[in-house]
Protein chains: 2
Amino acid sequence: MTSILPPDRLSLTSLRIFVAIAEERNLTRAAGREAIALSAASKRLADLEADFGVRLLDRTPRGMRLTAAGESLLHHARRVLGAAQDLTADMSDFRKGVRGHVRLLANLSAIVAYLPEDLERFFLNHPDLRVDLQERPSLEVVRGVEEGQAELGICSAHADLQGLTVVPYKTDDLVVVMRADHPLAGRGPLAFRDTLAFDHIGLHAESSIFMRSQRAARDEGMSLRRRIHVPGFDAVCRTVQAGLGVALIPAPVFGILGSSMSLHAEALTDPWARREIVIVHQSARPLSAAAERLHDALRRG
Amino acid sequence: MTSILPPDRLSLTSLRIFVAIAEERNLTRAAGREAIALSAASKRLADLEADFGVRLLDRTPRGMRLTAAGESLLHHARRVLGAAQDLTADMSDFRKGVRGHVRLLANLSAIVAYLPEDLERFFLNHPDLRVDLQERPSLEVVRGVEEGQAELGICSAHADLQGLTVVPYKTDDLVVVMRADHPLAGRGPLAFRDTLAFDHIGLHAESSIFMRSQRAARDEGMSLRRRIHVPGFDAVCRTVQAGLGVALIPAPVFGILGSSMSLHAEALTDPWARREIVIVHQSARPLSAAAERLHDALRRG
DNA sequence: ATACGCCTTCGCCGATCGCGAAGGGTCACC
DNA sequence: GGTGACCCTTCGCGATCGGCGAAGGCGTAT
């Protein structure tokens, strides 16, 4: 039974140097890049191999080549170093006077439409707090909060929310954006059905807007003509501007992006176009002081 | 401009000890637990605080209490140490003779229905390879492969697969499971519509089976009566057995779980009940030798 | 007041780490 | 087939780091 060597004997410096060697495939260059003597780098590598009992690189006359074990270590080392990097970055914030940190997951609509102003106001009142905001599709927001990756989540209300505390955040309405010269422009509020004759520009396939509209198309007994998926509402709008089709976006997003691009929007009359956006957190664990503040601020926002 | 201190000055040992202190909220006990002298633990903690320039714990006469910065560090430290743990575990495999490691993401259906036998056969031919298998909903399988978290993915074919190389893996058919005394039992192949009068037991909301059947319900102009979501097909079957409703599961899964639970299954006639399951990987990056082997084995499986 | 629990500081010693120098391969080019 | 250009490894030395136990400060309990 070879006991797994405790993570102790492992040094982040060695990992960093290993990554450099693996990337450069050349000890000399790697040592230069890491500002360390060639001999020291060599020793660290040899020690790693000795500790793990595994050859990590095949030495060739003109450099080094990763073994399978080396490939695996490279992958893991990057993860470890990335996590360490995040750690120091956060600590550095605290040193600069930050007094609290909240991890927040939110869907793209919320990030584009509502969070900027709400967070701005929040930071005015709490300059000493910081928010780590990550974009996720609504379903993954829920998962992330359940798993404790983040304390707070913002997502559309239709995910499976049991075990979480839910408070309403915003209500938003989807609108149809199109070029000003589009046949549908100026016709007033539209039924989703009316848009099905045209190509739709969508976010990535996990987005709740896309899933929703696809379902709605089925409900109409038709299928959604989606010509392209692009990342981000700005890309959606530019694509619409290019005349590739129409798109569904939250009304506030149109207010931000659409006007400056001289696009046109019509309201959508279907009931599902009104979406409830909520704030969620684990019911079991109490919120940190910082998260509590943010939660309050968003709820009142 | 305070430069972020490089991850170098960070020692995994210090992090481990910090975690112990934070958990025990008592230096003496933490030092005992980590088998280190009290003085050494104290010094490591002091050094951490000095390096980060931040107070991590408030000293009270009866122990220690985490500050906000300490809470944050605890979170990060756990991540870093977890990653380091994974690293050493994998390296330990290699030392024991493993010659390759493949990270594989798959949806639950594949994991339950097909992978066990295919992997068994694979390991017979390749006892020196190892597979890290993680369950994800199909959409996240795709994301994981795109982001390089795993080399190979197995998912249903309907996700957005551009940029990935796709080969067919299996075709499976969904069946309706129910208790033997259920009204629908023994009526022969069913249309999904016929099941809508009864409660449905579902996997978590991200599962493609659930999303699919919900869409199908809409297509029928009805809504799915879902009484409960449970994690895992075994839980689904037990819930069905308890008489809480019917459920859709892949036919092979019924073969494995259903019979021993004296459940009954009927085929589903709707065309969407036949699902294509595929193997995907990044087209851009070449597969490692080990992944190549697994890919071949699964494809032929 | 005394004793106890909890943390910090200090001085000493052994282990670790980095550096430069020396060494030994392979390949390319005369 | 020598010679030089690379590329990596090994070795010995000095500096630094990290651990240990002893001594000390501080608050609380008795």
Side-chain angles (χ1 to χ4, degrees), chain A residues 5-67 69-70 73-74 77 81 84, chain B residues 5-67 69-70 73-74 77 81 84:
Chain A
L5 35 161
D8 279 42
R9 267 197 75 30
L10 200 61
S11 123
L12 292 180
T13 311
S14 291
L15 289 185
R16 269 213 0 212
I17 289 169
F18 169 78
V19 170
I21 299 173
E23 284 174 357
E24 300 284 350
R25 292 202 293 299
N26 176 319
L27 230 190
T28 310
R29 279 199 302 274
R33 172 173 136 186
E34 294 295 324
I36 195 184
L38 173 62
S39 64
S42 175
K43 187 159 170 316
R44 290 204 103 108
L45 175 58
D47 287 350
L48 274 183
E49 291 183 320
D51 285 348
F52 293 138
V54 159
R55 190 151 206 75
L56 296 171
L57 294 129
D58 286 327
R59 279 70 165 175
T60 77
R62 25 180 84 268
M64 304 194 148
R65 236 192 41 234
L66 284 166
T67 64
L73 180 60
L74 179 57
L81 293 173
Chain B
L5 34 161
D8 277 42
R9 266 195 77 28
L10 200 60
S11 124
L12 293 181
T13 311
S14 291
L15 289 186
R16 270 214 358 213
I17 288 170
F18 170 77
V19 170
I21 298 172
E23 284 175 358
E24 301 284 348
R25 291 201 293 297
N26 174 318
L27 230 189
T28 310
R29 279 200 302 274
R33 172 174 137 187
E34 294 295 324
I36 195 183
L38 173 62
S39 63
S42 174
K43 187 158 165 328
R44 290 204 103 108
L45 175 59
D47 287 351
L48 274 183
E49 292 184 320
D51 285 349
F52 292 139
V54 159
R55 190 148 205 78
L56 297 171
L57 295 132
D58 286 326
R59 279 71 164 174
T60 78
R62 26 180 86 265
M64 303 193 150
R65 235 191 44 232
L66 283 166
T67 63
L73 179 60
L74 180 57
L81 292 173

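Proteins come first, then strands; the chains are lettered A, B, ... in the order of their sequence lines, and each starts at number 1.
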Quiz item: Within a reach of under 6.0 Å around CZ of B/R25, are more than 12 heavy atoms found that belong to other residues, nucleotides or ligands?
Solution: no
Quiz item: Is the number of heavy atoms from other residues, nucleotides or ligands under 6.0 Å of B/R33 CZ greater than 12?
Solution: yes
Exercise. Please tell me which of the listed nucleotides, D/dC20, D/dC8, C/dC27, lies nearest to the side chain of A/M64?
Key: D/dC8
Quiz item: If you look at every strand shown and take non-hydrogen atoms under 4.0 Å, does B/L38 touch a base, only sugar-phosphate, or nothing?
Solution: base
Within this structure, what is the [atom1]-to-[atom2] distance between [X] and [N], rounded to whole angstrom?
X     : N      : atom1 : atom2 : answer
B/D58 : C/dT8  : CG    : P     : 12 Å
B/I36 : D/dG21 : CD1   : P     : 11 Å
B/E34 : D/dG19 : CD    : P     : 11 Å
A/L48 : C/dT16 : CG    : P     : 15 Å
A/R65 : D/dC8  : CZ    : P     : 14 Å
A/L57 : D/dT9  : CG    : C1'   : 14 Å
B/E24 : C/dG5  : CD    : P     : 17 Å
B/R29 : C/dC7  : CZ    : C1'   : 13 Å

Give each protein N/O atom lying under 3.5 Å from an N/O atom of nucleotides 28-30 of chain C, with the pair distance.
| from | atom 1 | to | atom 2 | distance (Å) |
| --- | --- | --- | --- | --- |
| C/dA28 | OP1 | A/R62 | NH2 | 3.2 |

Rounded distance (nearest 0.5 Å) linking atom [atom1] of [X] with atom [atom2] of [Y]:
X     : Y     : atom1 : atom2 : value
A/R59 : A/M64 : CZ    : CE    : 4.5 Å
A/T67 : A/R55 : OG1   : CZ    : 8.5 Å
A/F18 : A/L66 : CZ    : CG    : 5.5 Å

Could I get a table of every N or O pair under 3.5 Å where one atom is in the protein and the other is in nucleotides 16-18 of chain D?
| from | atom 1 | to | atom 2 | distance (Å) |
| --- | --- | --- | --- | --- |
| D/dG18 | O3' | B/R44 | NH1 | 3.4 |

Measure across [X] and [Y] and return the closest heavy-atom pair with its distance rounded to 0.1 Å.
X     : Y     : answer
A/L12 : B/L10 : CD1-O, 3.7 Å
A/S14 : A/R44 : OG-NE, 2.8 Å
B/A31 : B/A41 : CB-CB, 4.0 Å

Practice problem: Determine whether A/L45 and A/I17 make a side-chain contact, defined as any pair of heavy atoms from C-beta on separated by less than 4.5 Å. | Solution: no
Quiz item: Is any side-chain heavy atom of B/L74 less than 4.5 Å from a side-chain heavy atom of B/L56?
Solution: no
Quiz item: Which sits closer to the 5' end of DNA chain C, A/P61 or A/A37, going by the nucleotide each is nearest to?
Solution: A/A37
Looking at [X], I'd like to know whether one of its side-chain N or O atoms comes within less than 4.0 Å of OP1 or OP2 on [N].
X     : N      : value
B/R59 : C/dT8  : yes
A/N26 : D/dC7  : yes
B/T28 : C/dC7  : yes
A/S39 : C/dG20 : no

